[in-house]
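To keep things clear, I will list the structure first and then write my remarks on it.
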Amino acid sequence: MTRSPGVHLLPVHALLAAALLAGFLFGCSSKINLPPVTPDAGGLSYTGKFVWYDLHVPDIDGVARFYDAVLDWGMERTDPGSSKVKTIFHKGRLIGSVFELTEAGPAAGWVACASVPDVDGAAARAVKQGGRVVAAPTDKPYRGRMATIRDPQSARMALLHSPVGDPRDEGPGDGLFLGAELWTPDVEAGANFYAGLLGYQLAAVRLKQGTYVMLLAEGKPRGGLTAPLASLPAALWIPQVAVSDIEGTVQRVEENGGTVLLRPDPASRPNRTAVFADPSGAILGVREFVPPRE
C-alpha cells in the first residue's frame, strides 16, 4: 500500500499498548423508547468513539441463547409492548440493542455507532467524500440524534449524538466492547475517508498479513482498518469485544452453532484476536486481554 501523507508508521508495541488503554432502526416503530447510551449523564463527548452497538437478526430468542452461552450477555425487552427490540446487558450494564428483522429491513449484522457532535454535518461530509446516507438524521427518544451511512466501499456505520453524553473511557473488561475494526479491500481509501469524516489521526504498522491502520482520536485508539483476514462478501465494520479466555470463547462459539472465521494466532499472545459469525450470520470479533491483578 502506498502511504498517504497522513498515515505514520508506529512501532507495533506502541500500538498494542495504546489499544490496551483504551440505531440503526429500520423496521422499528419510532414510538419505541430506546435506552440512552450511558446511565451516567456526564455530558462527556468523545468524537470518533464507538459508544453503542446494534444487532439486527431474524430470531432474537435464538441469538439471545447464543450470546448468553458465549459471552454471558443477557437480553431484555426495551419496550414492554414490543418483543421486536431488546437491550443487551452484561453484568447489569447496558451495552447494545438487538432488533428483529423485517422483510424491508437490512441484512443480519452488527452496526457500530460512532459519537459525533453534529450528526447532520457528519452525514453531509460522508456524502461529499463519496459515501451515502441510508438512514437520514433522525431524533430518537432518549438515544439521541442518529443517521446511518455507507462508505465508498459500502461498509455500514451509524453516527450518533447522545443528549446525555458518551460513556466514560475505561479499561477493557471481560465481555465488554472495545471498539470496532473495518475489514476493507482498500485500506488506504478507507483510512482517508474516516479521517475526513471523524477527524481521526492515522497510525499504520506493517504486519505479515499487510498494513494495519489504527484510528486515533485525541491520541486514544478508537478502531482500526485492515484488509479482510477471512472471506467476506463486502467491506464490513466488525465490533470487537474483550475476552480474558479467547480459546474458551472460540470453543463456546462452535458448541452453540456459530462459525469461526478467524482463529487466534498463538504467536500474537497476549493480544490475540478471533472473528466469528453467530447463527444468524452477524459477524463479531473478540480480542484477548489480561485482567489486572487484584
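Please read these numbers as outputs of a predicted model, since none were measured by experiment.
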Report all side-chain donor-acceptor pairs from residues 60-67 shorter than 3.5 Å, counting only partners two or more places apart or in another chain.
from	atom 1	to	atom 2	distance (Å)
Asp61	OD1	Lys86	NZ	3.4
Tyr67	OH	Trp110	NE1	3.3
Tyr67	OH	Asp278	OD2	2.7

Check the pair Arg168, Asp40 against salt bridge (charged side-chain N to carboxylate O under 4.0 Å, His left out), reporting the backbone distance first and the verdict last. CA-CA 8 Å; Arg168 296 179 184 275; Asp40 178 13; 2.4 Å; yes
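Cluster partners of Val164, using a side-chain heavy-atom cutoff of under 4.5 Å among ILVMFWY residues and allowing indirect links: none. Side-chain contacts under 4.5 Å among hydrophobic residues (ILVMFWY), followed directly or transitively, place Leu44 together with Tyr46.
Results of the ring-ring contact (aromatic ring centres under 6.0 Å, His included) test with Trp73 over Phe177, Phe89, Tyr53 single out Phe177 as the only residue that passes.
Between Asp151 and Met157 the shortest side-chain heavy-atom distance does not fall below 4.5 Å. Using a 4.5 Å cut-off on side-chain heavy atoms (C-beta onward), Arg143 and Leu160 make contact. The side-chain heavy atoms of Trp52 and Leu34, taken from C-beta on, include no pair separated by under 4.5 Å. In this structure, Ile149 and Val127 have side chains that are not in contact, with every pair of non-hydrogen atoms separated by 4.5 Å or more.
Using a 4.5 Å cut-off between side-chain heavy atoms of Ile, Leu, Val, Met, Phe, Trp and Tyr, with links allowed through other members, Val275 and Tyr212 fall into different hydrophobic clusters. Transitive grouping of hydrophobic side chains (ILVMFWY, heavy atoms separated by less than 4.5 Å) brings Val260 and Val241 into a common cluster. Val286 and Val98 fall within the same hydrophobic cluster, where Ile, Leu, Val, Met, Phe, Trp and Tyr residues are linked whenever their side-chain heavy atoms come under 4.5 Å apart, directly or through other members. Under the 4.5 Å side-chain heavy-atom criterion for grouping Ile, Leu, Val, Met, Phe, Trp and Tyr, Tyr200 is not connected to Trp183 through any hydrophobic cluster. A continuous path of ILVMFWY side-chain contacts below 4.5 Å connects Val57 to Ile95, so both sit in one hydrophobic cluster.
Atom NE2 of His90 is separated from atom CE of Met75 by 12.5 Å, given to the nearest 0.5 angstrom. For the atom pair Leu225 CG and Leu215 CG, the distance stands at 5.0 Å (nearest 0.5 Å). Taking CG of Leu202 as the reference point, atom CG of Leu216 lies at 8.0 Å (rounded to 0.5 Å). For the atom pair CD of Glu218 and CG of Asp169, the computed distance is 9.5 Å after rounding to the nearest 0.5 Å.
Every residue two or more places apart in sequence or in another chain was checked for a side chain to side chain donor-acceptor pair (under 3.5 Å) with Thr184, and none qualifies. For Phe193, the ring pair (Phe, Tyr, Trp, His ring centres under 6.0 Å) test picks out no residue, with sequence neighbours left out. Shown here are the side-chain contact (heavy atoms from CB on, under 4.5 Å) partners of Arg145, two or more places apart in sequence or in another chain: Val119, Asp120, Pro137, Asp139. Looking at residues two or more places apart in sequence or on another chain, you find no side chain to side chain donor-acceptor pair (under 3.5 Å) involving Asp186. By the side chain to side chain donor-acceptor pair (under 3.5 Å) test, Thr273 pairs with no residue at all, sequence neighbours left out. In this structure, the side chain to side chain donor-acceptor pair (under 3.5 Å) partners of Ser244, at least two apart in sequence or on a different chain, are Asp174.
Looking at Lys49, its side chain never comes within 3.5 Å of a backbone N or O of Lys220 through a donor-acceptor pair.
Pairs engaging residues 243-261 under the salt bridge (charged side-chain N to carboxylate O under 4.0 Å, His left out) rule: Glu247-Arg269, Glu247-Arg272, Glu254-Arg263 [sequence neighbours left out]. The ring pair (Phe, Tyr, Trp, His ring centres under 6.0 Å) contacts involving residues 135-166 comprise nothing, where partners must be two or more places apart or lie in separate chains. Every pair passing ring pair (Phe, Tyr, Trp, His ring centres under 6.0 Å) that includes a residue from residues 219-259 is listed here, sequence neighbours excluded: Phe50-Trp237, Tyr194-Trp237.
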